S.K.: 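Next up is a structure, given as structure tokens.
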Amino acid sequence: MDANLSRGEAPAGGSAYAPAFLDALVGAGLLVPTGVQGLYGRSAVFEAVGDGLNGAITALGADQLAEVLRFPPAMGQRDFETSEYLQSFPQLAGTIHSFCGDERGHRRLLARLQDGEDWTDQQQPSGVVLTPAACYPIYPVMARRGPLPEAGKVVDVLSYCFRHEPSLEPTRMQLFRQREYVCLGSPERIVAFRQLWMERGQQLARALQLPLEVDVANDPFFGRGGKIVADSQREQKLKFELLIPVNDGAPPTACMSFNYHMDHFGALWDIRQADGGVAHTGCVGFGIERLVLALLRHHGLDPARWPSGVRATLGSA
Ligand code: AMP
Ligand code: ZN
């Protein structure tokens, strides 16, 4: 891969390399290219569909009595380290750096800039890291509150997430939104929660008249050791995905995931059940952009002309 591509910049010639679906989305103004792969602006039409999806997910989860929590798309470096994300997915992480120097340092930075040299080593880590998954910021918060209620707890989160995986596939973005319900409690509670949401996820996709399949999956753990962890995650069926065909000539795309973390996060942050046992956790994640793209792929680029049942599900009938 050349240096520009690994930095996520569009190849010379830009959209000539892009798959036809991405071209069509850009042509219709639904996604606005920035010159960086996987980093797009979204049009009002695109956003309205995303809002409709979020509304449908809220309606589907009304009986969960979830606590709604919204965080900015970043978390503290300490909490990020505690999450062990760097042990599992160092290739996806993104950190925020800022200039913290004096005027001499500023002159050095500007000289580098003027000479077309790398200036980023003139910055320091800010102590802030981009959120890699919408549920991550809640675990330290829940831990600080003390033991969970007797019946466990469900939290509703929505966040832009960063993953450094530049791609020409419009479904693989570097910044995208995940809506999640996260369940914390006993193992039985989490297993039942995940089963319920696997059914509800399929119910939503069917109401949206999208072709779907559900399959066991694994996260992209890094390196040779990661392969062993991924195999074990599959064997234990800890992750399922709901897949929908979206991209040209590519296998179907994961648009929702249903995850059982066992006591991984509970142990890392010392989250306790009411009886003092380490909490188990699980989450259902809806990829907002991927679901919007699936709808655009299957029902056409003009949501005003989508089937009335689909529009009704999105609250736009
Ligand atoms: P995960 O945490 O990997 O299970 O992701 C949860 C959901 O987020 C996936 O099912 C996708 O719908 C969405 N997602 C994950 N990675 C990306 C990406 N690079 N671009 C857009 N959506 C994504
Ligand atoms: Zn999650």
Side-chain angles (χ1 to χ4, degrees), residues 8 22 25 31 36-40 42 46 50 53-54 57 66 69 71 73 75 83 85 88-89 91-94 130-139 142 154-184 190 193-194 197-198 201-202 204-205 208 210 212-222 230 233-234 238-247 250-262 264-266 268 280-297:
L22 177 57
L25 292 162
L31 288 182
V36 176
Q37 285 180 20
L39 195 64
Y40 302 99
R42 288 104 168 114
F46 191 102
L53 277 166
N54 265 310
I57 295 165
L69 282 175
F71 288 89
M75 54 192 290
S83 78
Y85 196 82
S88 299
F89 314 108
Q91 77 281 19
L92 299 178
L130 290 163
T131 301
C135 60
Y136 271 52
I138 73 151
Y139 302 115
M142 293 301 139
V154 178
V155 184
D156 166 337
V157 287
L158 167 67
S159 179
Y160 262 99
C161 300
F162 175 85
R163 293 183 189 174
H164 186 238
E165 44 183 2
S167 169
L168 286 173
E169 283 179 359
T171 46
R172 192 168 295 284
M173 298 181 170
Q174 298 202 67
L175 275 154
F176 56 93
R177 279 161 293 186
Q178 284 183 352
R179 172 78 184 274
E180 291 195 34
Y181 288 105
V182 193
C183 187
L184 306 94
I190 311 305
F193 167 89
R194 189 173 68 155
W197 279 100
M198 280 175 67
Q202 293 175 71
L204 177 62
L208 295 170
L210 295 168
L212 68 100
E213 59 189 87
V214 173
D215 204 357
V216 69
N218 62 268
D219 290 308
F221 293 95
F222 184 74
Q233 189 187 25
R234 269 180 180 272
L238 296 180
K239 185 179 192 80
F240 286 89
E241 288 177 333
L242 185 145
L243 305 130
I244 303 172
V246 183
N247 288 312
T253 300
C255 293
M256 304 176 197
S257 73
F258 312 93
N259 306 288
Y260 179 23
H261 316 125
M262 299 202 289
H264 176 71
F265 292 121
L268 287 177
H280 283 230
T281 63
C283 64
V284 48
F286 298 86
I288 296 300
E289 280 75 10
R290 284 190 181 175
L291 284 165
V292 175
L293 292 170
L295 286 161
L296 292 163
R297 160 59 94 189

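Whatever order the structure lists them in is the order used to number ligands and atoms, beginning at 1. Both backbone and side-chain heavy atoms feed into the values below; hydrogens, waters and symmetry mates do not. A quick note: this is a predicted structure, and the numbers were derived from the prediction, not measured.
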S.K.: Please check if the side chain of Q202 supplies one atom and the backbone of V214 the other of a donor-acceptor pair under 3.5 Å.
M.R.: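 It does not hold such a pair.
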S.K.: So if I count the atoms of ligand 1 from 1 in the order they appear, which ones are less than 4.0 Å from some heavy atom of M256?
M.R.: 10 (O)
S.K.: Check the orientation of F265 and Y136. Use parallel for under 30°, tilted for 30 to 60°, and perpendicular for over 60°.
M.R.: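 Ring orientation of F265 relative to Y136: perpendicular.
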S.K.: For ligand 1, which atoms sit closer than 4.0 Å to a heavy atom of K239?
M.R.: 1 (P), 4 (O)
S.K.: Using modelled atom types and a 3.5 Å cut-off, is there a donor and acceptor pairing between side-chain atoms of R179 and backbone atoms of F286?
M.R.: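 Not confirmed, R179 side chain does not pair with F286 backbone.
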S.K.: Identify which of F89, F286, F176 has a heavy atom lying nearest to atom 16 (N) of ligand 1.
M.R.: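 Residue with the shortest heavy-atom distance to the ligand atom: F176.
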S.K.: State whether the shortest distance between N or O atoms of N259 and N or O atoms of ligand 1 falls below 3.5 angstrom.
M.R.: no
S.K.: Of all the atoms in ligand 1, which lie at a distance below 4.0 Å from a heavy atom belonging to A254?
M.R.: 9 (C), 10 (O), 11 (C), 12 (O)
S.K.: Counting heavy atoms only, which of R172, R290, R163 comes nearest to atom 17 (C) of ligand 1?
M.R.: R290
S.K.: Between F89 and F221, does the ring centre distance come in under 6.0 Å?
M.R.: yes
S.K.: I need the atoms of ligand 1 closer than 4.0 Å to a non-hydrogen atom of M173, numbered in the order shown.
M.R.: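 Heavy-atom distances to M173 below 4.0 Å select 18 (C), 19 (N), 20 (N), 21 (C).
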S.K.: Considering heavy atoms of the protein only, find what lies nearest to atom 13 (C) of ligand 1 and give residue, atom and distance to 0.1 Å.
M.R.: G287 CA, 3.8 Å
S.K.: Between Y260 and F193 (judged by ring centroids, cut-off 6.0 Å), do the two rings come close enough to count as a pair?
M.R.: no
S.K.: Test your reading of the model: is there a side-chain donor-acceptor pair from Q233 to the backbone of D219, 3.5 Å cut-off?
M.R.: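 A pair under 3.5 Å: yes.
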S.K.: Once rounded to 10 degrees, what value does the angle at the Zn ion (ligand 2) take between SG (C283) and SG (C135)?
M.R.: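 Here the angle at the metal atom is close to 130°, to 10°.
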S.K.: Are the side chain of Q178 and the backbone of S159 linked by a donor-acceptor contact shorter than 3.5 Å?
M.R.: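 No, because the side chain of Q178 does not come within donor-acceptor range (under 3.5 Å) of the backbone of S159.
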S.K.: Is ligand 1 under 4.0 Å from a heavy atom in the side chain of L291, in the backbone, in both, or in neither?
M.R.: neither
S.K.: For the side chain of Q174 and the backbone of Q37, is there at least one donor-acceptor N/O pair under 3.5 Å apart?
M.R.: yes
S.K.: For R290 and A254, indicate whether the former's side chain and the latter's backbone hold a donor-acceptor pair under 3.5 Å.
M.R.: yes
S.K.: Among all protein non-hydrogen atoms, which one is nearest to atom 21 (C) of ligand 1, and what is the separation to 0.1 Å?
M.R.: T171 O, 3.1 Å
S.K.: Enumerate the atoms of ligand 1 whose separation from the nearest heavy atom of S257 is less than 4.0 angstrom.
M.R.: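 Within the 4.0 Å cut-off of S257, ligand 1 contributes 1 (P), 4 (O), 6 (C), 10 (O).
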S.K.: Which of the atoms in ligand 1, numbered in the order shown and given with their element, are less than 4.0 Å from a heavy-atom of C255?
M.R.: 10 (O), 12 (O)
S.K.: Backbone N or O of P132 within a donor-acceptor pair of the R163 side chain at under 3.5 Å?
M.R.: yes
S.K.: To which protein heavy atom is atom 19 (N) of ligand 1 closest, and what is the distance rounded to 0.1 Å?
M.R.: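 The closest one turns out to be E165 OE2, 2.7 Å.
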S.K.: Going by the atom numbers of ligand 1, which of them fall below 4.0 Å from some non-hydrogen atom of Q178?
M.R.: 1 (P), 2 (O), 5 (O), 6 (C), 7 (C), 8 (O)
S.K.: Considering just N/O/S atoms, say which atom of E180 is closest to the Zn ion (ligand 2).
M.R.: OE1
